[in-house]
Every structure is written in structure tokens, then in C-alpha cells.
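Below is one structure, written out as C-alpha cells; the observations come after it.
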There are 2 protein chains.
Amino acid sequence: MARAGTTARKTRNQMEKRQAIFEAALDVFSEKGLRGATLEQVAKAAGLSKQNVVYYFAGKDEIYAELLESLLEKWVQPLHDLTADGDPLDEILTYVSRKVQMSRNMPRESRLFATEILHGAPRLGEVLPTDLKALVDEKAAIIQGWMDAGKLAPLDPHHLIFSIWAMTQHYADFDVQVRSVLGPERSASRFEDAEAFIKDMLIRTLRP
Amino acid sequence: MARAGTTARKTRNQMEKRQAIFEAALDVFSEKGLRGATLEQVAKAAGLSKQNVVYYFAGKDEIYAELLESLLEKWVQPLHDLTADGDPLDEILTYVSRKVQMSRNMPRESRLFATEILHGAPRLGEVLPTDLKALVDEKAAIIQGWMDAGKLAPLDPHHLIFSIWAMTQHYADFDVQVRSVLGPERSASRFEDAEAFIKDMLIRTLRP
DNA sequence: ATGATTTCTGCACGATCGGTCAACATTTTT
DNA sequence: AAAAATGTTGACCGATCGTGCAGAAATCAT
């Protein structure tokens with residue numbers, strides 16, 4: 001009778017179905033965007049009927065919103081793992097590695113966030129200026145500390161982080177363009193080549 | 001009776017109206033995407049009725065397709081202007097300047113192309129592997145020549161171009177995120193800071 | 001001025017989509 | 001096994017959207 005997700009309690013079956021819907025929604029939304037995708041496409045990809053999807057989620061927007069939220073933590077984890085403990089250059093290069101790895105293995109998530117931010121991030125508007133800003137400021141301060149200690153060349157840490165985001169996510173978000181320009185042969189190793197290139201660039205740049 | 005754009009000939013009035021529709025479409029499509037935008041939003045932004053818009057263009061998709069095509073040339077012009085004539089580093093830094101300038105002054109165009117490519121570039125599929133690839137290959141060869149001559153540090157020219165695209169367009173496409181993270185104060189100079197940062201990074205990287 | 005051409009609008013159709021609801025089926029609980 | 005809760009489906013509705021079309025209105029040519 002009542003909808004499934006009404007209470008906070010979730011049975012095993014409910015969790016599985018919701019996960020299947022999330023997986024399908026990630027597929028469809030990342031490819032067509034929120035408005036471009038239909039509930040029926042999501043339902044079909046999840047192996048359910050449209051009405052059954054609505055049984056587990058209040059509606060299309062809720063699926064999208066909850067999907068975004070459920071992925072956010074995993075998405076910023078690599079930056080979170082950048083700590084003041086290790087060697088400065090190693091920390092940053094490891095961060096690059098993980099970001100390239102995410103572009104390769106999680107292109108759908110990358111495109112989902114890219115589309116959302118590209119269109120003004122109406123469903124992330126709260127979290128960007130608070131949580132994300134706090135996280136970036138914290139890591140920028142660490143990098144600044146390394147620079148002040150003479151362990152890295154002095155650069156703007158915020159724009160350094162932006163440039164790493166931009167260069168790494170570029171290979172997920174604009175994969176079609178990258179492959180078109182590189183051609184079939186060179187496309188095969190595009191992620192390895194990109195990682196090597198970006199690391200090389202950062203090593204030359206950050207060397208004190 | 002018949003539609004306006006049937007023949008190749010276009011009167012002055014027709015050109016003006018079409019231009020107004022293009023301008024409105026750029027506004028709406030870049031903000032909401034093709035599927036997310038409606039003809040009526042475009043019409044209203046152009047100061048016309050929905051049916052009148054259809055009089056000048058066959059339909060929504062045609063507006064979008066012709067808009068993309070009409071912007072493509074202007075969009076790749078900066079790369080086209082990169083020639084073997086000038087000083088290697090100057091040529092590249094000038095290219096960066098122009099790309100940052102475009103992110104600042106033409107963010108709608110940037111987001112339009114970004115959205116299109118992000119979703120698989122179904123309406124650019126032909127031009128990417130032919131025209132764009134040829135252009136990038138040509139410029140990559142020039143850069144490679146500079147590197148072979150010892151005027152620049154040896155790096156993969158294709159990925160160098162990608163990285164410039166990524167870093168510069170990032171400030172247009174993800175402007176909301178950039179501003180959120182930087183905060184109101186630092187956002188004011190974000191384009192100047194970005195240009196200085198990227199140039200600094202490239203100087204350090206490309207120095208032989 | 002008059003006819004021809006261009007420009008614009010009113011009306012409305014067909015399709016699609018998100019969402020509702022009642023009924024039916026299945027599983028779980030007692 | 002009976003009852004209750006959970007899960008699923010078919011039919012359908014209201015709204016929106018793209019588009020077609022007849023004809024009015026405005027502009028232009030002669």
C-alpha cells in the first residue's frame with residue numbers, strides 16, 4: 001500500500017532494489033542528463049516497471065538527488081586522503097593517480113557531477129560553498145604549508161587543485177573528443193599517457 | 001506561406017531574426033541543455049512567439065544544430081592562430097591567454113560545447129574525428145617540431161593541448177564550483193589568477 | 001491603390017512524460 | 001492457514017511540448 005521508503009527502516013530487498021535503481025539511474029542520467037532521461041529508461045535499465053520504480057522512490061527528482069548525494073562522499077575521497085603526513089610531491093602525485101583512475105573507472109560519476117555543475121549545480125548549491133570549500137581550503141592550507149617550507153615551488157594552491165581537477169576529469173567528461181582527436185591507436189593508452197603527462201607537468205612545476 | 005529559410009537567400013530581416021533566435025538559443029541551451037530547454041523559452045528570450053520561431057527555423061533541433069555549427073569556427077579560432085612563425089613559448093602562452101579570455105567572455109559557448117561533448121557529441125560526431133583531429137594534429141606537429149629543435153621541453157603535444165583545453169575551459173564550465181570554493185572575495189580575480197597560474201605552470205613545464 | 005510576398009498568430013493535434021490509484025500477487029508474520 | 005505487510009502491474013490522467021496549418025496582418029512591389 002504505502003510507499004516503500006516512507007520510514008527510515010529498509011529491508012534487505014528494499015536496499016537491493018534501490019541499489020539497482022541507483023545503478024540504472026547512474027547509467028541513464030550520466031548519459032542523457034536529468035531532463036533528457038525518462039523514468040521509463042531508468043526503470044527498464046533496472047529491470048523494473050516505471051510504477052515499481054516510483055514505489056521505491058518518490059519520483060525522478062528524488063532518485064537523482066539521492067544518487068548525487070550517495071556518490072558525493074566517494075567522489076571527494078581522494079582529496080580527503082591527501083594529508084600532511086607524507087612527502088609533498090608524493091601526496092600530490094598520488095592524488096593525480098587516483099583522480100585519473102577515477103576518470104577511467106568511474107566516468108559515469110564524473111559526467112554526472114560535471115553535468116550538474118555545468119548547469120549551475122541547483123541540487124548541490126548548499127554543499128559547494130560549505131563542505132567542498134572547507135575541504136579544499138584545508139588541503140590548500142596543507143599545500144601552502146609545504147610551499148612555505150620550501151618543499152614545493154610557490155604557487156596558488158587553490159588553482160593547483162583546480163588544474164588537477166580539470167586535467168584529470170577532462171579524460172572522463174570529454175572522452176569522445178579525446179578519442180576522436182587521438183585516433184583509435186593512440187586512444188588505447190590515453191589514460192596511462194595522460195597520467196604520465198600530468199605527473200610530468202606537475203613534477204616540473206612543483207619542483208622548488 | 002512557405003517557411004523563411006527554405007531558400008538559401010536570406011533577406012536582412014530574416015538574418016536579424018535568425019540572429020536574435022541564435023542569441024536567445026545560446027542563452028537557453030547553454031543553461032538548460034537541449035532537452036532541458038523548451039522552444040517557448042527560446043522564443044520568449046528572442047521576443048518572438050513559439051510559432052514564429054518555427055517560421056524561421058524548421059524546429060528545435062535545427063536551431064541547436066545550426067547554432068553549434070555557427071559557433072564552431074569561432075570556437076577553434078585561437079588554436080588555428082597558433083603558428084610556427086612566432087616564439088614557441090609566446091605562441092603557447094598567447095593561446096592560453098585567448099582561451100582564458102574566451103572562458104571569461106564566452107562562457108555560454110563553452111558550456112554549450114561542453115554539454116554536447118559530455119553527452120557523446122551526437123551532433124558533432126562527424127567533425128571531431130576529421131576536422132578537429134586534423135587541426136590538433138597539425139598544431140601538435142608544430143609543437144613537436146619546437147621540442148625536437150630543443151626550444152621546448154619534450155612532452156606529448158596532444159596531451160599538452162588537452163591540458164590547456166581542460167584548465168582554461170574549467171573556469172567557464174565549472175564556474176559555479178570555482179566561485180563556491182574560492183569564496184566571494186577571491187572570485188573577483190579568478191580569471192586573472194587562473195591565467196597567471198596556468199602560464200606559470202606552462203613556463204615551468206615547457207622550459208627546455 | 002492593388003496585388004503579391006513576407007511575417008505572424010490562433011487553434012489544435014498527437015506524442016510523451018511524470019505521476020496516481022486501485023487491484024492483484026507475493027512474501028512475511030502471527 | 002489466516003492475516004498482514006510488502007511488492008508489482010495495468011489503466012489512466014493532467015500537463016507539457018513540438019509541430020502543423022489556415023488565415024490574418026503587415027510589408028513590399030508595381
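Each chain gets a letter, A, B and so on, in the order the sequences are listed, and its residues count up from 1. Small disclaimer: the values here were computed from a predicted structure and weren't measured.
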Can A:T94 and A:D90 be said to form a side-chain hydrogen bond (donor to acceptor under 3.5 Å, both in side chains), step by step?
CA-CA 6 Å; A:T94 298; A:D90 275 355; 5.9 Å; no
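- Between A:Y55 and D:dT8 there is no side-chain N or O to OP1 or OP2 distance below 4.0 Å.
- Of the options A:F57, A:F29, A:F22, a ring pair (Phe, Tyr, Trp, His ring centres under 6.0 Å) to A:Y64 is made by A:F29 and by none of the others.
- Atom CZ of A:R123 has more than 12 heavy atoms from other residues, nucleotides or ligands within 6.0 Å.
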Can you list, pair by pair, the side-chain donor-acceptor contacts under 3.5 Å of residues 197-204 of chain A, counting residues two or more places apart and other chains?
unit_1 : atom_1 : unit_2 : atom_2 : d
A:K199 : NZ     : A:S97  : OG     : 2.6
A:K199 : NZ     : A:E195 : OE2    : 2.9
A:D200 : OD1    : A:R204 : NE     : 3.3

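- Non-hydrogen atoms lying under 4.0 Å from DNA chain D are contributed by B:T38, B:L39, all within residues 38-49 of chain B.
- For the pair A:Y171 and B:F162, the minimum side-chain heavy-atom distance is below 4.5 Å.
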Given side chain to side chain contact (heavy atoms under 4.5 Å, CB included), test A:L152 with A:I92 step by step and report yes or no.
CA-CA 11 Å; A:L152 294 178; A:I92 290 175; 3.8 Å; yes
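- Look at B:Q51 and you won't find any side-chain N or O under 4.0 angstrom from OP1 or OP2 of D:dT19.
- Contact check, B:K50 against C:dT9: no side-chain N or O comes under 4.0 Å of OP1 or OP2.
- In this structure, A:R108 places its CZ atom where more than 12 heavy-atom neighbours from other residues, nucleotides or ligands lie under 6.0 Å away.
- To the nearest angstrom, P of D:dT6 lies 15 Å from CG of A:N52.
- Contacts of residues 20-34 of chain B with DNA chain D (heavy atom under 4.0 Å): none.
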